[in-house]
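Because the structure is predicted, anything quoted here is derived from the model rather than measured.
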Amino acid sequence: MTPTSQPQTLSRHASVPRLTQAVAPLTHAVQAINERGEREELYIPAERPLTVYVDRRELVTLMTLGAHPELLVLGYLRNQRLVDSVEEIESITVDWEVNAAAVATRRGIARIEERTARKVVTTGCGQGSVFGGLMDEVAGIRLPPAQLTQAELYGIVNAIRLQESTYKSAGSVHGCALFQGPQMLVFVEDVGRHNAIDTIAGWMWMQQPAEAMQGSDKVFYTTGRLTSEMVIKSAQMGVPIVVSRSGMTQMGHAVASQLGLCAIGRATNRRFLCYSGADRLVLQPELAQAPPVPAA
């Protein structure tokens with residue numbers, strides 16, 4: 001998360017879990033040989049395993065950049081539908097010396113063995129997976145009414161263009177952001193876009209009062225393609241509009257159409273494609289004729 005989008009320091013609410021702040025280095029220095037045969041030092045994104053234990057039971061190992069591991073774990077539990085509210089979590093403790101995250105719940109997770117027995121490997125950068133039961137619950141999601149103007153869309157694309165990021169210095173990472181109108185609320189990068197959206201989901205749950213962080217007036221942005229996993233997770237967060245600078249998969253399109261979610265891809269400069277939920281996009285075609293945005 002960037003300094004302008006760090007979670008605000010809030011007085012601790014009784015229902016908010018205790019989180020450690022186990023930040024890890026985001027980049028790693030290496031040497032490489034360039035096309036001229038010269039040796040040069042450069043930085044690449046860090047990647048490390050984080051094994052999640054829930055009430056001392058091993059659940060999953062996530063490969064992550066490690067910027068905000070506690071929020072990542074919280075959002076993962078949320079988006080996997082293993083917990084229904086933030087009040088169910090007592091604490092999340094991350095220890096990078098053993099690459100582990102210990103989650104303590106207040107009353108345990110009902111039928112956790114049954115609910116995590118079947119996994120579906122997704123297209124999440126080769127690392128994504130969701131528990132099988134999650135796919136069966138899509139039909140029950142109801143998205144709130146919301147609209148986005150073409151001018152607001154262009155504002156989001158420009159804000160991402162100007163955003164300082166690990167990608168600009170080291171490449172090889174995905175970025176995700178949450179917007180409220182033209183305002184970027186939070187920006188997260190990780191080695192996989194699924195990790196980044198989970199971290200945002202965790203951040204949303206940690207904001208108090210909780211009713212102030214509903215998804216109905218929010219827009220989710222990702223640098224990665226819009227797969228079924230990304231569409232489902234956005235919908236579970238209650239965010240009915242998603243924007244990507246990349247494209248969309250067939251299953252992502254099918255799920256978005258089923259949910260009535262507005263999916264906008266190939267969004268760069270003044271160009272975009274609205275794949276589904278076009279009734280949520282207020283078109284202003286005259287804006288497309290404006291001069292192109294200069295390179296950053």
Go through the side-chain N and O atoms of Q236 and R78 and say whether any donor and acceptor fall under 3.5 Å apart.
-> no
R271, CZ atom: more than 12 neighbouring heavy atoms under 6.0 Å = no
Between the main-chain N or O of T105 and the side-chain N or O of D55, is there a donor-acceptor pair closer than 3.5 Å?
-> yes
Any donor-acceptor N or O pair under 3.5 Å, side chains H174, T223 | yes
Distance-only side-chain donor-acceptor flag, E87 / S85, under 3.5 Å | yes
Measure from the side-chain N and O atoms of Q150 to the backbone N and O of Q284, and report whether any donor-acceptor pair falls under 3.5 Å.
-> yes
Does A22 offer a backbone N or O that forms a donor-acceptor pair with the side chain of W96 under 3.5 Å?
-> yes
Please report the shortest heavy-atom distance between I200 and F220, naming the atom on each side.
-> CD1-CE1, 4.0 Å
Does any N or O in the side chain of Y154 come within less than 3.5 Å of the main-chain N or O of R270, such that one atom is a donor and the other an acceptor?
-> yes
Looking only at atom types and distance, does a side-chain atom of H253 sit under 3.5 Å from a main-chain N or O of Y275, one as donor and one as acceptor?
-> yes
Mind listing the closest non-hydrogen atom pair of A196 and C176 along with its distance?
-> CB-SG, 3.5 Å
Would you say the side-chain atoms of T20 and E70 include a donor-acceptor pair closer than 3.5 Å?
-> yes
With no hydrogens and no angle check, do the side chains of S276 and S257 hold a donor and an acceptor under 3.5 Å apart?
-> no
Taking R142 for the side chain and L259 for the main chain, is one N or O donor matched with an acceptor at less than 3.5 Å?
-> no
